[in-house]
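Chain naming here is simple, since letters A, B, ... match the order of the sequence lines and numbering starts at 1 in each. Since the model is a prediction, treat every value here as computed from it, not as a measurement.
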2 protein chains.
Amino acid sequence: MSTQVERPTGLFSGDAFDSSCPSRSVLDHVTSKWAVLVLVVLSREDHRFSALRRAVDGISEKMLAQTLRTLEGDGFVHREVAATTPPQVSYGLTELGRGVTGHLAGLVGWIEDRIPEVLAARERA
Amino acid sequence: MSTQVERPTGLFSGDAFDSSCPSRSVLDHVTSKWAVLVLVVLSREDHRFSALRRAVDGISEKMLAQTLRTLEGDGFVHREVAATTPPQVSYGLTELGRGVTGHLAGLVGWIEDRIPEVLAARERA
DNA sequence: CAGTATCCGTTGCGATACTG
DNA sequence: CAGTATCGCAACGGATACTG
């Protein structure tokens, strides 16, 4: 029992958050470059593929498709196909998806608020 | 004025969050593979370089150094050198860093809680 | 201890083209 | 519209070696 904890409580080394833990992969999926933006956009309302592509500035079709499949695989995004011609596919958040996205939206909002301070820090650096 | 909003309120396309906006780069830095983990570890207590390396399972020296420099550049992490021999360098969060990390920790905690549900979704997929 | 530098395989990701 | 397939470069990131 050292007073200085060299070995943390157990989340990041040798326990729940070590590199082999599934939490890591979920975290990676959810915080990936595009997933954050896609999730936050979807939290506002369901979107069709093309609308999503336009809403997330700069994303390619390939990355959008890939991101959506990953998110769907983890149960965050729900895909719904309407049997019309031409077929309309719409994406939305699942209950689980709304959960993560709540945290993500908080993060994104915070960053927007504090951008000036970060920019100021960059000046100094 | 369409009832279906094709053009979102303005955060993700043509406004604050478009691809050229600095918010994007801050978001990318903060949500990068290792930054999330480093920040959450630092939120518990200050760490020396080696302790940090041990606490974040799987990180290489290179990526730890690189992550710390980026985070320091954005004003989230504070580096302190003690003039001893051998020199001891310790890293901690700045006020700004504690702000983002609050959101990050919430996200990480949520994921840990809900891992079973995500795993179940993966089974089905 | 606290890093930096170099090498180099792996992956991310955009561009382009094609399908139902 | 809603994707999939293939290519190819650039960045990511690990291993190793070297420095103050």
Separation of [N] [atom2] from [X] [atom1] (nearest whole Å):
| X | N | atom1 | atom2 | value |
| --- | --- | --- | --- | --- |
| A:Trp34 | C:dG12 | CH2 | C1' | 12 Å |
| B:Asp28 | D:dG13 | CG | P | 12 Å |
| A:Leu37 | C:dC13 | CG | P | 12 Å |
| B:Asp57 | D:dG13 | CG | C1' | 16 Å |
| B:Ile59 | D:dC12 | CD1 | P | 14 Å |
| A:Tyr91 | D:dC1 | OH | P | 14 Å |
| B:Arg53 | C:dC1 | CZ | P | 11 Å |
| B:Gln66 | D:dA11 | CD | C1' | 10 Å |

Nearest listed nucleotide, side chain of [X], among [options]:
| X | options | result |
| --- | --- | --- |
| B:Arg48 | C:dA2, C:dG14, D:dG13 | C:dA2 |
| B:Arg69 | D:dG14, C:dA2, C:dT4 | C:dT4 |
| A:Lys62 | C:dC13, D:dC1, C:dT4 | C:dC13 |
| A:Val89 | C:dC13, C:dG3, D:dA2 | D:dA2 |
| B:Ser50 | C:dC13, C:dC1, C:dT4 | C:dC1 |
| B:Met63 | D:dG13, C:dC13, C:dG3 | D:dG13 |

### Sugar-phosphate only, base, or nothing, as touched by A:Glu61 at under 4.0 Å among non-hydrogen atoms
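Base contact - A:Glu61 has a heavy atom under 4.0 Å of at least one base atom.
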
### Query
Do A:Glu72 and A:Arg69 sit within salt-bridge range, that is, some charged N less than 4.0 Å from a carboxylate O?
no

#### Entry: Under-4.0 Å salt bridge between B:Glu95 and B:Arg98
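Yes.
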
### Query
More 5' along DNA chain C: A:Ser60 or A:Pro86, using each one's nearest nucleotide?
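Between the two, 5'-proximity favours A:Ser60.
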
### Task
Please report the C-alpha distance between B:Leu107 and B:His103 in whole Å, then the side-chain angles of each, then the deciding distance to 0.1 Å, and finally whether the side chain to side chain contact (heavy atoms under 4.5 Å, CB included) criterion is met.
CA-CA 6 Å; B:Leu107 175 67; B:His103 291 281; over 6 Å; no

### Message
Quick one about A:Arg44 and A:Thr101 (side-chain donor to acceptor, distance below 3.5 Å, no hydrogens or angles considered), yes or no?
### Response
no

### Query
D:dC1 pairs with which nucleotide, Watson-Crick or G-U wobble, both distances below 3.5 Å?
C:dG20

### Query
Taking the side chain from A:His47 and the backbone from A:Glu45, do they hold a donor-acceptor pair closer than 3.5 Å?
yes

